[in-house]
Amino acid sequence: MGKVGLRGKAAVAGIGMTALSRRSGRGELALAVEAARAALDDAGMAPGELDAVLSYHMNDSAPAIRVARALRMETIGWHNDISGGGTQAASILGDAAMLVACGVARAVLVYRALNGRSGVRMNTASTGPQERFTRPYGMAGPIPMFAMAATRYLAESGLGEEHLHAVVAQSRDNAAANPRALRRDPLPLAGYLAAPYVCTPLRTVDCCQETDGACALIVTTPARAPSAPRLHAVVRGGGPGCSAMDRAPDVTAIFSSYVAPALWAAAGMAPGDVDVPLLYDAYSWLVPRQLTDFGLVHPADLPGHLLARAHARVNPHGGLLSEGYVHGLNNTAQAVRELRTGHAEVALVTGFGGSYGSAALLVRP
């Protein structure tokens, strides 16, 4: 398990986002540059102060070097386009922080840009050669695979439709005051039950949105941003769970079952230290699974916890289910907002990719 205990050696000095939409009318480069400029303005920096650029993608974005050129960076140091999706939403912060902590870079631009609705759509894109074998059995794209894992998870955990509704309805309630959010209308149980299935037990409202947009962050030294939130610990790893079902002893075992113990060990913290969890909610059932994996809720208390809406502090902006989907980096940006405003002292951010992923802890200085 890859774990990094940074303990305040890097800070997130700026965040920026474009508007989120279902049809941006622009290319990924334009989206990336807008978000990057907004993050630089937020950090009080000029493009020339950047000396590293990092991004992640699934062949659906603008390369780092093109973004650097569009920003008119005259020189560039470390830069990388990391292949991957939601697993990177937390760990790319660790990549940036390690560059800063090692003295390789003083200021790092991190961004994710995609036209996830009007361009390459995640659920219709081929995920690899294995689809030649799985497509005939209805396993085309990620939703059928994670729906299969969800079926077993619900059966074993004792959760049902009313609990998934509680997750989705709370995300809508949280998004109601967020002007960036694409889904802000309340969702009563009757409306949830009336929503069509994509693949049982997942309805359309149980699945994150397909969104056009971009998000960017500036990671720098604490000396340059003394009041900015600090990166405390990052973990990346996984095991043979729901994205390797042919080898999995438990198809419900998502990344959090593997990375959570390593995160607490790297951080020297406990679940009770977390004030706000920014959990990767690509599908509604991932929220309760992560709540128990990270020790935020005891499994025996989970059904009542959800129905009582005691998870209201999860994704206070609405998350990927209701704000929009920028491959999880928008959740990371929200963690920074929560720490800046004093609504939290410690924020947990996660990145999901099936049985492997990442998690990070950010703290107020």
Side-chain angles (χ1 to χ4, degrees), residues 20 22 86 122-123 141-178 180-211 242 251-257 276-294 296-325 328 330-331 334 348 350 352 354:
L20 304 179
R22 293 181 173 86
M122 191 67 57
N123 201 46
I143 294 180
M145 178 171 67
F146 295 127
M148 183 182 295
T151 299
R152 177 170 168 177
Y153 172 69
L154 295 178
E156 292 182 346
S157 64
L159 301 182
E161 293 175 324
E162 69 274 24
H163 301 100
L164 295 185
H165 165 255
V167 172
V168 180
Q170 187 62 53
S171 80
R172 294 286 187 91
D173 290 349
N174 288 355
N178 177 4
R180 298 180 306 276
L182 294 177
R183 292 175 175 168
R184 286 180 279 177
D185 294 336
L187 183 66
L189 179 59
Y192 172 84
L193 295 176
Y197 284 110
V198 180
C199 186
T200 56
L202 301 179
R203 293 175 164 87
T204 52
V205 293
D206 288 304
C207 302
C208 66
Q209 302 180 71
E210 295 175 294
T211 311
C242 59
V251 297
T252 74
I254 63 172
F255 76 102
S256 47
S257 64
V276 58
L278 284 302
L279 305 182
Y280 198 101
D281 53 339
Y283 309 105
S284 57
W285 72 277
L286 300 180
V287 170
R289 176 75 204 220
Q290 290 177 76
L291 286 173
T292 55
D293 282 347
F294 283 105
L296 302 174
V297 180
H298 191 279
D301 299 331
L302 185 60
H305 185 92
L306 295 172
L307 293 181
R309 301 291 186 89
H311 62 291
R313 283 295 287 157
V314 173
N315 297 343
H317 59 316
L320 312 182
L321 287 169
S322 295
E323 181 183 68
Y325 186 73
N330 51 317
N331 281 5
Q334 184 64 30
L348 168 66
T350 68
F352 163 81

Say whether, by atom type as modelled, one donor and one acceptor occur between the side chain of [X] and the main chain of [Y] under 3.5 angstrom.
X	Y	value
His305	Pro288	no
His165	Leu187	yes
Arg184	Ala175	no
Arg183	Leu321	yes
Glu162	Leu307	no
Asn331	Gly319	no
Asn330	Gly324	yes

Under the side-chain hydrogen bond (donor to acceptor under 3.5 Å, both in side chains) test, which residues partner Arg313, sequence neighbours left out?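 With neighbours one apart ignored, the set is Glu338.
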
side-chain hydrogen bond (donor to acceptor under 3.5 Å, both in side chains) partners for Asn174, two or more places apart: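 Here the qualifying residues are Gln170.
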
Do the rings of Tyr153 and Trp285 sit parallel, tilted or perpendicular, given the 30° and 60° boundaries?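 Plane angle between 30° and 60°, so tilted.
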
Test log, rule side-chain contact (heavy atoms from CB on, under 4.5 Å), inputs Val297 and Leu306: CA-CA 10 Å; Val297 180; Leu306 295 172; over 6 Å; no

Just how far is it from atom [atom1] of [X] to atom [atom2] of [Y], taken to the nearest 0.5 Å?
X	Y	atom1	atom2	result
Thr211	Arg22	OG1	CZ	7.0 Å
Asn315	Ser171	CG	OG	8.0 Å
Leu182	Gln209	CG	CD	5.0 Å
Ser157	Leu154	OG	CG	5.5 Å
Ser322	His317	OG	NE2	9.5 Å
Ile254	Thr350	CD1	OG1	8.0 Å

Which atoms form the tightest heavy-atom contact between [X] and [Y], and what is the distance?
X	Y	value
Ile143	Cys207	CD1-SG, 4.0 Å
Gly318	Asp281	O-OD2, 4.0 Å
Ala147	Cys199	CB-O, 3.6 Å
Asp185	Arg172	O-NH1, 3.2 Å
Ser257	Asp293	N-OD2, 3.2 Å

Val198 and Thr204: side-chain contact (heavy atoms from CB on, under 4.5 Å), yes or no, with the steps? CA-CA 6 Å; Val198 180; Thr204 52; 3.7 Å; yes

So do the side chains of [X] and [Y] get within less than 4.5 Å of each other, counting heavy atoms only?
X	Y	result
Leu164	Val168	no
Val167	Val314	no
Arg309	Asp173	yes
Met148	Val251	no
Leu278	Pro316	yes
Pro142	Tyr283	yes

Taking atom types as modelled, is there a side-chain donor on Ser256 or Arg289 under 3.5 Å from an acceptor on the other?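 Short answer, no.
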
If we ignore angles and hydrogens, is there a donor and acceptor under 3.5 Å between the side chains of Asp206 and Tyr192?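 Checked: Asp206/Tyr192 side chains pair up, N/O donor to acceptor below 3.5 Å.
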
Set of residues satisfying side chain to side chain contact (heavy atoms under 4.5 Å, CB included) with respect to Pro303, sequence neighbours excluded: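 Leu159, His163.
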
Chi angles and distances behind the ring pair (Phe, Tyr, Trp, His ring centres under 6.0 Å) call for Phe146, Phe352: CA-CA 12 Å; Phe146 295 127; Phe352 163 81; 5.1 Å; yes

